[in-house]
Amino acid sequence: MRSVMSCFLAVPGRFSRWGRVGMLAGGVSLACLASARASDNGNLTLQLLDRVNTLEEQTREMRGQIDQLTNQVQQQNAAMSKQIDDMNFAMQQHGHAAPAVPAPVTAAAGVTPTAPAPATAKRSPDDVLKAGNDALLQHDYATAQADAQQVLSGPKSARQIDAQYLLAQSLAGQKQYRQSALAYYDTYNRAPHGQRAPSALLGVAATLVALNDKASACQALDKLASEFPTPAPRIKAAEQVYRKRAKCS
């Protein structure tokens, strides 16, 4: 194995623990890091990977809690403002005669009443993902990334796998290939046998080719061929293209 990415692609029993190592080492080349074979370094790498996974999970949970707290504060502020307004109104009524209510302006006076603007409905995860994918098609990668992260920071659901894949695509569109490769592999790691898994592994290979880590890209393509011997035609065609670009044997 010639790279850290090669390690987590080549050892099925360690998928969930080695998936991020090759690209979380402070920007150092994936192929260079993989040459560390000593058991002490391997143990340290596993500990770092576990720590990163734990921190990311805690971050997601904290984001969800922050969103809930923000909503509660906004609701409490609105309720308090209403109470203050009601108290002011009651005090005015107690000390003075009620002011005359102006007659509504009607169409007879030459002005058409304006209906109040409807409140903006909160978007569901499906709505957010649809908007994110539409933005991706329009090459608005920053918006697509923001929509993907919004779903990922919300409650856990099956749609988070789609959001993770959208995040990987949006990062690739912004040429943030190292982060994109991480996001693609995280998509695969969340559901190794899911619908997105073949495309996610293909995305890993594509971003590694962009990073010029051809050896790791070939490992990703070998893993794709091994785990999904009969992929969709478009996946198979793209696999052959990237095999040529990576000069896989």
Side-chain angles (χ1 to χ4, degrees), residues 1-12 14-16 18-25 27-35 129-130 132-145 147-148 160-249:
M1 294 179 292
R2 293 171 14 191
S3 71
V4 176
M5 181 64 72
S6 304
C7 294
F8 68 64
L9 290 171
V11 185
R14 298 181 179 177
F15 290 160
S16 62
W18 284 81
R20 301 171 179 269
V21 174
M23 289 163 290
L24 286 175
V28 182
S29 171
L30 299 173
C32 292
L33 288 176
S35 61
L129 284 175
K130 182 179 183 304
N133 281 293
D134 289 343
L136 186 73
L137 292 175
Q138 297 170 9
H139 306 289
D140 185 359
Y141 301 118
T143 298
Q145 178 183 355
D147 287 339
Q160 287 191 331
I161 297 175
D162 295 327
Q164 186 69 32
Y165 186 73
L166 175 60
L167 176 62
Q169 290 177 298
S170 66
L171 291 170
Q174 298 174 74
K175 298 184 179 180
Q176 299 180 30
Y177 298 122
R178 197 174 300 278
Q179 294 87 343
S180 176
L182 276 172
Y184 273 125
Y185 192 76
D186 199 3
T187 304
Y188 163 79
N189 210 30
R190 285 170 179 258
H193 305 290
Q195 183 179 0
R196 294 288 189 187
S199 297
L201 286 177
L202 185 64
V204 171
T207 50
L208 290 173
V209 169
L211 289 168
N212 202 33
D213 187 355
K214 296 180 180 179
S216 294
C218 292
Q219 291 286 344
L221 294 171
D222 289 343
K223 182 176 179 62
L224 172 62
S226 174
E227 296 197 8
F228 303 96
T230 56
R234 65 178 183 82
I235 299 292
K236 189 65 178 178
E239 176 191 347
Q240 298 303 319
V241 170
Y242 287 115
R243 281 190 180 277
K244 291 180 180 179
R245 292 183 183 179
K247 298 180 181 179
C248 301
S249 57

Worked verdict on L202 versus L221 for side-chain contact (heavy atoms from CB on, under 4.5 Å)
CA-CA 7 Å; L202 185 64; L221 294 171; 4.2 Å; yes

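The heavy-atom pair separating K214 from A246 by the smallest distance is CB-O, 3.5 Å. Nearest heavy-atom pair, S170 versus A144, reported as atom, atom and distance to 0.1 Å: CB-CB, 4.0 Å. Here the closest non-hydrogen pair linking A148 and A163 is CB-O, 3.3 Å. Contact between V209 and A217 at its shortest, heavy atoms only, is CG2-CB, 3.7 Å. Here the shortest heavy-atom pairing between T207 and Y177 reads CB-O, 3.8 Å. L201 approaches L224 most closely through the heavy-atom pair CD1-CA, 4.0 Å.
With rounding to the nearest 0.5 Å, the separation of OH in Y165 from CG in L136 is 9.5 Å. For the atom pair OH (Y185) and CG (L208), the distance works out to 11.5 Å, reported to the nearest 0.5 Å. Taken from CD in Q145 to CG in D140, the straight-line distance is 11.0 Å, to the nearest 0.5 Å. Summarising the geometry, atom CD1 belonging to I161 is positioned 7.5 Å from atom CZ belonging to R190; distances are rounded to the nearest 0.5 Å. Rounding to the nearest 0.5 Å places CD of Q179 at 9.5 Å from CD of Q174. Rounded to the nearest 0.5 angstrom, D147 CG and L167 CG are separated by 11.0 Å.
Checked by atom type and distance alone, the side chain of D186 never pairs as donor or acceptor with a backbone atom of L182 at under 3.5 Å.
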For residues 230-238, which side-chain donor-acceptor pairs fall under 3.5 Å, sequence neighbours excluded?
{"from": "R234", "atom 1": "NH2", "to": "S199", "atom 2": "OG", "distance (Å)": "3.3"}

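Side-chain atoms of Y188 and V204, non-hydrogen and from C-beta on, never get closer than 4.5 Å to each other. Under the 4.5 Å side-chain criterion, counting only non-hydrogen atoms from C-beta, R243 is in contact with D222.
In this model, no donor atom of one side chain and acceptor atom of the other lie less than 3.5 Å apart for Q176 and Y141.
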